[in-house]
Undergrad: 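Following this message is one structure expressed as structure tokens.
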Amino acid sequence: MGSIQPTVAGRGLGAELRAIRETRKLSSTKVAGQLGWQQSKISKIETGKQGVTPADVASLLAIYGVTGHERDRLVETAATVNEPGLWEKQGGMSRDSQTLMRLESEATEIVNLEPLVVPGLLQTPDYIRALMNACGVAAPDLEVRVASRMGRQALITRSTPPHLEFIIDESALRRPLLPAQALSRQLRHIIETAERPNVSVRVLPFSLGGHRGLDGSFMLMAFANSKSVVHVEHKISTFFLEEAHEIDFYREEIDTLRASALNPDESTQLIGSIAQEIDS
């Protein structure tokens, strides 16, 4: 098959196959030689740019020594890997969480709307724990979730970071999820992060009354060489949207929200004033 625009599912499957190969300490050149393939085919499969069939995946897994349920799951995934869009159910450190982390790490631009809570990429460890407890995350999973979310934040400070834009409703900043001192630290952490040249924060103030972001959070991710993806998360399921009309819709929503929100300077001033109120 020829090169294709990688789908979310294709990128996810390719990353899993690459991880298995690397765990087995096999070079892509050696694997390609055993299968009689060009090395570039392995590379394109692992980046989601090469159309992949269940037979291709079965051949790779035979060399990697993957059998049983894991083999069946990966081969079944290959049957739908080129379909646009993705819906995944959550549970523990789920596949959708791993997919989101991979996409964030590849993105050149991320825009995140949050009407109810502080965005995940801006949360302090105390805030993450409080949020997880409030949402009923089981104790054995909690620290894994905290570590995972903190790990995601590493992209903010890497040498070539994406541009990050956060649009946050004022109610999320005032929600007393933490004791006063810890909540104040959370707000000041947002201000400090917003000082980075690749980060901007905009607040949707109470004075707006209603706005277009009240019906739920979303994250739009853009990439250098792939289609943009929108991540929409619900309680027990997650959407990854990538159709052109879906991306256009969310970009229009972002433009509308930017026009309604305070500018970045006004936003950090408001966040600072809320932190002072909490401290007093």
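When a residue number appears, it is its place in the shown sequence, counting from 1.
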Undergrad: Quick one: closest heavy-atom pair of Val118 and Tyr127, and the distance?
TA: N-OH, 3.1 Å
Undergrad: Can Arg174 and Glu170 be counted as an ion pair, charged N to O under 4.0 angstrom?
TA: yes
Undergrad: Could you give the distance from CG (Leu257) to NE2 (His211), rounded to the nearest 0.5 Å?
TA: 7.0 Å
Undergrad: How many angstroms lie between CG in Leu103 and NE2 in His231, if you round to the nearest 0.5 Å?
TA: 8.5 Å
Undergrad: Looking at every non-hydrogen atom in both residues, tell me the closest pair between Val203 and Ser267 and how far apart they are.
TA: N-OG, 2.9 Å
Undergrad: Linking Ile, Leu, Val, Met, Phe, Trp and Tyr through side-chain heavy atoms less than 4.5 Å apart, which residues share a cluster with Phe206?
TA: none
Undergrad: Any heavy-atom pair between the side chains of Met219 and Val111 that's under 4.5 Å?
TA: no
Undergrad: Quick one: closest heavy-atom pair of Thr238 and Glu233, and the distance?
TA: OG1-CG, 3.6 Å
Undergrad: With no hydrogens and no angle check, is any side-chain donor or acceptor of Gln34 less than 3.5 Å from a backbone partner on Val31?
TA: no
Undergrad: Does some side-chain heavy atom of Phe166 sit less than 4.5 Å from a side-chain heavy atom of Ile190?
TA: no
Undergrad: Could you check Glu106 against Met221 for side chain to side chain contact (heavy atoms under 4.5 Å, CB included), going step by step and ending with a plain yes or no?
TA: CA-CA 9 Å; Glu106 297 170 5; Met221 293 167 280; over 6 Å; no
Undergrad: If only atom types and distance count, is the side chain of Arg152 paired as donor or acceptor with the main-chain N or O of Met101 below 3.5 Å?
TA: no
Undergrad: Answer yes or no: does atom CD of Glu143 have more than 12 heavy-atom neighbours from other residues, nucleotides or ligands under 6.0 Å?
TA: yes
Undergrad: What distance do Glu246 atom CD and Phe239 atom CZ have between them, rounded to the nearest 0.5 Å?
TA: 9.5 Å
Undergrad: Work out which heavy atom in Pro162 is nearest to a heavy atom in Ile110; give both atom names and the distance.
TA: CG-CD1, 4.4 Å
Undergrad: Less than 4.5 Å apart, side chain to side chain, heavy atoms only: is that true for Leu122 and Ile168?
TA: yes
Undergrad: Taking the side chain as C-beta and beyond, is there a heavy-atom pair between Leu61 and Ser59 under 4.5 Å?
TA: no
Undergrad: Between Tyr64 and Leu26, is there a side-chain heavy-atom distance shorter than 4.5 Å?
TA: yes
Undergrad: Would you give the length of the straight line joining atom CG of Leu241 to atom CZ of Phe218, rounded to the nearest 0.5 angstrom?
TA: 11.0 Å
Undergrad: Between CZ of Arg188 and CD1 of Ile278, what distance do you get to the nearest 0.5 Å?
TA: 8.5 Å
Undergrad: Do Arg212 and Asp255 sit within salt-bridge range, that is, some charged N less than 4.0 Å from a carboxylate O?
TA: no
Undergrad: Show your reasoning for whether side chain to side chain contact (heavy atoms under 4.5 Å, CB included) applies to Met132 and Arg149.
TA: CA-CA 11 Å; Met132 297 290 180; Arg149 188 158 297 183; 3.6 Å; yes
Undergrad: Answer with yes or no whether the hydrophobic clustering places Val117 together with Leu142; edges join I, L, V, M, F, W, Y residues whose side-chain heavy atoms lie under 4.5 Å apart.
TA: no
Undergrad: Tell me, please, which residues at least two apart from Glu165 pass salt bridge (charged side-chain N to carboxylate O under 4.0 Å, His left out).
TA: Arg202, Arg258
Undergrad: Taking the side chain as every heavy atom from C-beta outward, state whether Gln186 and Leu173 have any atom pair closer than 4.5 Å.
TA: no
Undergrad: Would Glu253 and Phe249 count as a side chain to side chain contact (heavy atoms under 4.5 Å, CB included) if you check the C-alpha gap in whole Å, the side-chain angles of each, and the deciding distance to 0.1 Å?
TA: CA-CA 6 Å; Glu253 290 292 287; Phe249 172 83; 3.7 Å; yes
Undergrad: In this structure, would Leu116 and Leu187 fall into the same cluster of hydrophobic residues linked by side-chain contacts under 4.5 Å?
TA: yes
Undergrad: With no hydrogens and no angle check, is any side-chain donor or acceptor of Gln153 less than 3.5 Å from a backbone partner on Gln123?
TA: yes
Undergrad: Does some side-chain heavy atom of Thr53 sit less than 4.5 Å from a side-chain heavy atom of Val57?
TA: no
Undergrad: Does Leu155 reach the side chain of Pro161, with side-chain heavy atoms less than 4.5 Å apart?
TA: no
Undergrad: Where the side chain of Asp141 meets the backbone of Val137, is there a donor-acceptor pair that is under 3.5 Å apart?
TA: no
Undergrad: Check this for me, if you would: do Arg251 and Glu109 make a salt bridge, where the nitrogen-to-carboxylate-oxygen distance has to be below 4.0 angstrom?
TA: yes
Undergrad: Show, in sequence, the C-alpha distance, side-chain angles and deciding distance for Asn112 and Leu164, and conclude whether the side chain to side chain contact (heavy atoms under 4.5 Å, CB included) test is met.
TA: CA-CA 8 Å; Asn112 185 193; Leu164 296 150; over 6 Å; no
Undergrad: Do Val146 and Leu121 belong to the same hydrophobic cluster, where Ile, Leu, Val, Met, Phe, Trp and Tyr are linked whenever their side-chain heavy atoms lie under 4.5 Å apart, directly or via other members?
TA: no
Undergrad: So which heavy atom on Ser171 is nearest to which on Asp169, and how close?
TA: OG-OD2, 2.6 Å
Undergrad: Short question: side chain of Ser280, backbone of Glu277 - any donor-acceptor pair under 3.5 Å?
TA: yes
Undergrad: Check the side chains of Gln39 and Thr29 for a donor-acceptor pair under 3.5 angstrom, ignoring hydrogens and angles.
TA: no
Undergrad: Let me check something: do Val75 and Ile20 share a hydrophobic cluster, defined by ILVMFWY side-chain heavy atoms less than 4.5 Å apart, either directly or through other members?
TA: yes
Undergrad: Using atom types as modelled and distance alone, determine if a side-chain donor or acceptor of Asn198 lies under 3.5 Å from a backbone N or O of Ile156.
TA: yes
Undergrad: For residues Leu183 and Pro176, report the shortest heavy-atom separation together with the two atoms involved.
TA: CD2-CA, 4.2 Å
Undergrad: So, does Ser184 use its side chain to make a donor-acceptor pair with the main chain of Ala180 at under 3.5 Å?
TA: no
Undergrad: Could you state the interatomic distance from OG (Ser28) to CD (Glu22), rounded to the nearest 0.5 Å?
TA: 9.0 Å
Undergrad: State yes or no: do Ile128 and Leu100 share one hydrophobic cluster built from I, L, V, M, F, W and Y residues joined by side-chain heavy-atom distances below 4.5 Å, directly or via other members?
TA: no
